[in-house]
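Okay, structure first, notes after.
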Amino acid sequence: MDRTPPPARPGGRFRRTARATRRPPAALARRIRRATHAQGAGESGLGKLIELHAVNSAGDMLITVALASTVFFSVPTDEARGRVALYLLVTMAPFALLAPVIGPLLDRIPHGRRAAMAGAMLARALLALTMAGAVATGGLELYPAALGVLVSSKAYGVVRSAVVPRLLPPRISLVKANSRVTLSGLLATGAAAPVGAGLHRIGPHWPLYAACAVFVLGTFLSFSLDHKVDSSKGERKARLTPEGLRPRHPGLRSAGSSVPAGLVANSSVRALSGFLTFFLAFLLREHPLSGLTAAFSLGLVAVAAGVGNAVGTAIGAWLRERAPEVIIATVLACALAATLTATLLYSTASIAAVAATAGIVQALGKLSLDALIQRDLPEEIRTSAFARSETLMQMSWVVGGAIGISLPLTGTVGMAVGAGLIAVGALTTMRRLLSAARHSGSPRRARVA
């Protein structure tokens, strides 16, 4: 009997190779899907929102890589200061005027939020193509497009925050749901950053082409969200006053002292973040950390901040029913302690610690503020509240960044100014936050859904 094996079919080896190379990505995709859909997030629709936010964050990071290479890294320090200041002025000044319109506009389309998110994605896809032609030269036409990207990104962020309570599973708290959404964005950002850097080596416009493709994908994913995003059926509005005594025109004041105090506290934290971003970027470019190059110093601080942000988000996912007011007060104390220590003991370790602490407190503070707004404000004004919150956070970041650009490049002076920014927030809000946490009863602890 002839035992000679039959000859291999043409293309059989190619198919086997294709299957072997397809298995690891498919297995990774299944693991990601299980993680995003865990604890009822798949059934409630939160899992798809988590995946959409990862796509959004990856696209934003690709645009950030393209802009940073043009505005900051491609020119000497003095010229870079001027370019960064111009970028802040041209983009943030109009944003301050446009941002207050976003909330009321989106409040008028509560049944079209999937379309609003898709529109924000599509707008950034088109703007990325527009920026691709100007990013190599750094011309002024780059700045209006960057403003459009910023406005579209904030519009998406406002809608995304407003729909989380609609997709909340019974077993997940608001802080934990917000942290899971944010963590997916951080992981996507970390994955997109080296991809963007690699594409930039091919050409300065390639990260923007990739961003365009990512946002087109996000446009389609927006319409795959659960229909509950566009429906108010079964929802009840949060009531913070006795039945029948609800304010005729509810606003931020109807939430008591928690939300306003949380806004002020988070503004100081965000101002510290903007300050450290620009001050340390210019400081370490001219005066690297002891024994390190300028590039390695910047990379060390950036990694410390990124890891801190991820750790803060993970802590938010781990915390269960902690009062958001207590979390915000705690992060203020931690940020103040870190900046004061770096002022007194300026060193490589203290700067890395400050960057990591800033990342942690920014993540935890924002998660807790979102939970306060989602918990304490009625549905009809929640979107406007998120718009005001996002605007205030962005402008605080710009103010902190402007202070960082204007300061002399002296490490101890910078850390002292950073401590002062946090001290202002702590002195004005700490007492109100702790008092609100003590006096809040179980009805206010109820989840807004």
Side-chain angles (χ1 to χ4, degrees), residues 35-36 50 53-65 68 153-154 156-157 160-161 164 175-197 262 265-281 284 297-319 322 324 327-328 330-339 342 350-371 389-390 393-394 396-398 400-401 404 418 421-422 425:
T36 57
I50 292 173
H53 187 64
V55 171
N56 172 82
S57 300
D60 279 344
M61 173 50 65
L62 291 170
I63 290 182
T64 300
V65 169
S153 179
K154 293 308 174 185
Y156 160 83
R160 187 264 301 171
S161 297
V164 168
V175 174
K176 190 170 184 177
N178 289 327
S179 66
R180 289 180 64 174
V181 174
T182 304
L183 184 59
S184 72
L186 289 174
L187 295 175
T189 296
V195 172
N266 273 270
S267 296
S268 67
V269 171
R270 192 60 64 91
L272 175 66
S273 175
F275 172 78
L276 292 176
T277 298
F278 291 102
F279 179 75
L280 292 180
L284 299 180
S297 298
L298 287 170
L300 176 64
V301 171
V303 169
V307 170
N309 211 318
V311 170
T313 304
I315 292 174
W318 172 72
L319 293 173
R322 303 290 182 184
I327 297 175
I328 295 174
T330 302
V331 301
L332 281 176
C334 292
L336 184 59
T339 49
S350 65
I351 292 300
V354 166
T357 302
I360 293 173
V361 301
Q362 180 176 313
L364 277 174
K366 182 63 168 62
L367 292 172
S368 301
L369 176 62
D370 286 353
S389 169
E390 291 291 335
M393 297 303 103
Q394 190 70 39
S396 300
W397 187 85
V398 171
L421 292 174
I422 291 296

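- To the nearest 0.5 angstrom, L421 atom CG is 11.0 Å from L336 atom CG.
- The side chain to side chain contact (heavy atoms under 4.5 Å, CB included) test with L276 singles out one residue from T339, V301, V354, and that residue is V354.
- When each of V311, V307, N309 is paired with I360, the side chain to side chain contact (heavy atoms under 4.5 Å, CB included) condition holds for V311 and for no other.
- The distance from the OG1 atom of T189 to the CG atom of D60 is 7.5 Å, given to the nearest 0.5 Å.
- In terms of heavy atoms, L62 sits closest to G196 at CD2-CA, 3.6 Å.
- The shortest heavy-atom contact between S389 and L369 is OG-CD2, 3.5 Å.
- Nearest heavy atoms, A310 versus L183: O-CD1, 4.2 Å.
- Side-chain N or O atoms of S184 include one that pairs as donor or acceptor with a backbone N or O of V181 at under 3.5 Å.
- From M393, atom CE reaches atom NZ of K366 across 8.0 Å, with rounding to the nearest 0.5 Å.
- Distance check, rounded to the nearest 0.5 Å: CD1 of I351 to CG of L280 gives 5.5 Å.
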- prompt: Run the side-chain contact (heavy atoms from CB on, under 4.5 Å) check on T277 and S273 step by step: do they pass?
  reply: CA-CA 6 Å; T277 298; S273 175; 4.3 Å; yes
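- A donor-acceptor pair under 3.5 Å links the side-chain atoms of S268 to the main chain of A265, judged by distance alone.
- Here the closest non-hydrogen pair linking A188 and S57 is CB-CB, 4.5 Å.
- Under the 4.5 Å side-chain criterion, counting only non-hydrogen atoms from C-beta, I422 is in contact with V269.
- Going from atom CG of N266 over to atom CG of L364 covers 10.0 Å, rounded to the nearest 0.5 Å.
- When all heavy atoms of P194 and G190 are compared, the closest pair comes out as CD-O, 3.0 Å.
- Across L367 and G312, no two heavy atoms sit closer than the pair CD1-O, 4.4 Å.
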